[in-house]
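Report on the structure given below.
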Amino acid sequence: MPTLAPAGGEVSWPLDEGVLGVVGVAPWATLEFCRCFYGLVSAQKDWHFPRVLLDINTKLPSRGRHLQLGERDPSPYIAETIAELAQAGATVAVVACNTAHILFDRWSYGAPIPVLNIVRESVSSAQRSGARRLLVLASASLAQHNLYAQQAEWAGLACLPLAPDLQCIVNGLIETIKTSGSFSASDGGAIAELVEYAHKGQADTVLLGCTELSTLRQHVESAGLQVVDSNEALARAAYMSICPTAS
């Protein structure tokens, strides 16, 4: 792929601007990540947007099936994709999947470019927002491994455990959004149950710890709860990483 320097004059951009490499696995979630990322850019022309190399590979082995059923480990393939993106010109990489970060050390170790961690960035975002007690909505595998709760504890934040029946609701929402890109009107009652649980458990912030769940933001905020969206947190960290002079 070509590497282009600014032409000068109107066609210019910062010389220290990097290139973002994105490993995508679920189409709608990855597109939502890109929407969050591009939404951070103040641009008047196409060339004002940073370069992004995007590989949405739906054939990467399932993270959940590996962790729960012992099927193929996706880690070598994610690592190979990051290396390919680096070879094509990426200077920073992200993997737009929370569950894959249970295996973060496997696929990020030895990477040729820096790789951001969505769990760390999301908890850091919650810290900056003034959150004290989180309700994390995430995949069954992430909940089982307690990854967000561990990171929150290290950051000095409390986590409200999610009851098993409510985890089943979250699992269903994730599956619906994976295939259709959104939830249906019939899911409104399920979302209301999650919001009520957050209020009763005195959580002040709902952390959307699955990249499929960004579409819940408006509904959770309208119920008076603060929201940290893992997609948005990762996008902001990525933007600041490749555009260090951005405000």
Side-chain angles (χ1 to χ4, degrees), residues 20-40 52-68 74-75 77-78 81-82 85 92-104 107-108 115-126 134-145 147-149 151-152 162 167 169-183 187 191 194 205-221 227-239 241:
L20 179 62
V22 181
V23 182
V25 290
W28 298 114
T30 308
L31 292 175
E32 175 62 20
F33 167 83
C34 291
R35 188 196 65 78
C36 290
F37 178 80
Y38 286 124
L40 295 168
V52 175
L53 303 178
L54 175 61
D55 186 345
I56 302 179
N57 189 350
T58 57
K59 312 311 178 194
L60 287 171
S62 166
R63 288 65 57 206
R65 293 182 69 88
H66 167 66
L67 292 162
Q68 296 178 20
S75 302
Y77 307 101
I78 295 174
T81 305
I82 291 170
L85 290 169
V92 174
V94 298
V95 175
C97 172
N98 278 271
T99 303
H101 284 68
I102 297 170
L103 308 167
F104 181 79
W107 47 259
S108 66
V115 183
L116 303 181
N117 184 304
I118 195 172
V119 176
R120 294 174 192 161
E121 298 301 340
S122 298
V123 172
S124 293
S125 180
L134 306 174
L135 174 63
V136 178
L137 306 182
S139 69
S141 295
L142 264 177
Q144 182 179 357
H145 283 78
L147 195 60
Y148 264 104
Q151 190 69 36
L162 191 63
Q167 182 61 54
I169 288 176
V170 174
N171 297 345
L173 288 170
I174 291 172
E175 287 305 312
T176 297
I177 297 167
K178 270 184 180 292
T179 54
S180 66
S182 185
F183 55 87
D187 292 317
I191 297 169
L194 295 171
T205 301
V206 173
L207 196 157
L208 303 176
C210 177
T211 50
E212 264 76 35
L213 296 178
S214 295
T215 53
L216 299 187
R217 179 173 196 141
Q218 183 178 351
H219 293 262
V220 176
E221 286 181 334
V227 171
V228 172
D229 180 0
S230 59
N231 244 338
E232 183 180 349
L234 183 63
R236 186 171 297 279
Y239 180 56
S241 294

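Worth saying up front: this structure is predicted, and the values here are computed from it rather than measured.
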Mutual orientation of the aromatic rings belonging to F104 and H101 [parallel < 30°, tilted 30-60°, perpendicular > 60°]: parallel
Main-chain N/O of A138 paired with Q167 side-chain donor or acceptor, under 3.5 Å: yes
Pairwise distance CD(Q68) to CD(Q144) - rounded to 0.5 angstrom: 6.0 Å
Result of checking V25, L234, T30, I118 against T211 for side chain to side chain contact (heavy atoms under 4.5 Å, CB included): I118
Separation between CD1 of I56 and CZ of F33, rounded to the nearest 0.5 Å: 11.0 Å
Side-chain donor or acceptor of S125 paired with backbone N/O of E121 under 3.5 Å: no
Heavy-atom pair with the smallest gap, counting every atom of N231 and A29: ND2-O, 3.3 Å
Side-chain donor or acceptor of W107 paired with backbone N/O of V95 under 3.5 Å: no
L216 side, atom CG; I191 side, atom CD1 - distance, nearest 0.5 Å: 5.0 Å
Candidate pair L134 and T205, rule side-chain contact (heavy atoms from CB on, under 4.5 Å), full reasoning: CA-CA 5 Å; L134 306 174; T205 301; 3.7 Å; yes
A238 versus F37, closest heavy-atom pair with distance: C-CE1, 4.1 Å
Heavy-atom closest contact (T99 atom, S139 atom, distance): OG1-OG, 2.7 Å
Sidechain-backbone polar pair: D229 side chain, S214 backbone, donor-acceptor under 3.5 Å: no
Side-chain donor or acceptor of R65 paired with backbone N/O of R63 under 3.5 Å: no
Closest non-hydrogen atom pair, G209 against N98: O-CG, 3.0 Å
Pairwise distance OG1(T176) to CD(E212) - rounded to 0.5 angstrom: 10.5 Å
Audit row: L142, I102, side-chain contact (heavy atoms from CB on, under 4.5 Å) steps and yes/no: CA-CA 7 Å; L142 264 177; I102 297 170; 3.8 Å; yes
Spacing of I177 atom CD1 and T215 atom OG1 [to the nearest 0.5 Å]: 3.5 Å
Charged N-O contact under 4.0 Å between E175 and K178: no
Gap separating the OG atom of S141 from the NE2 atom of H66, nearest 0.5 angstrom: 9.5 Å
Nearest heavy-atom neighbours spanning L208 and S230: O-OG, 2.8 Å
Steps toward side-chain contact (heavy atoms from CB on, under 4.5 Å) verdict (Y38, V52): CA-CA 10 Å; Y38 286 124; V52 175; 3.6 Å; yes
Side chain proximity check, N117 to Q151, heavy atoms < 4.5 angstrom: no
Residue pair L135 / L194: nearest heavy atoms and the distance that separates them: CD2-O, 3.9 Å
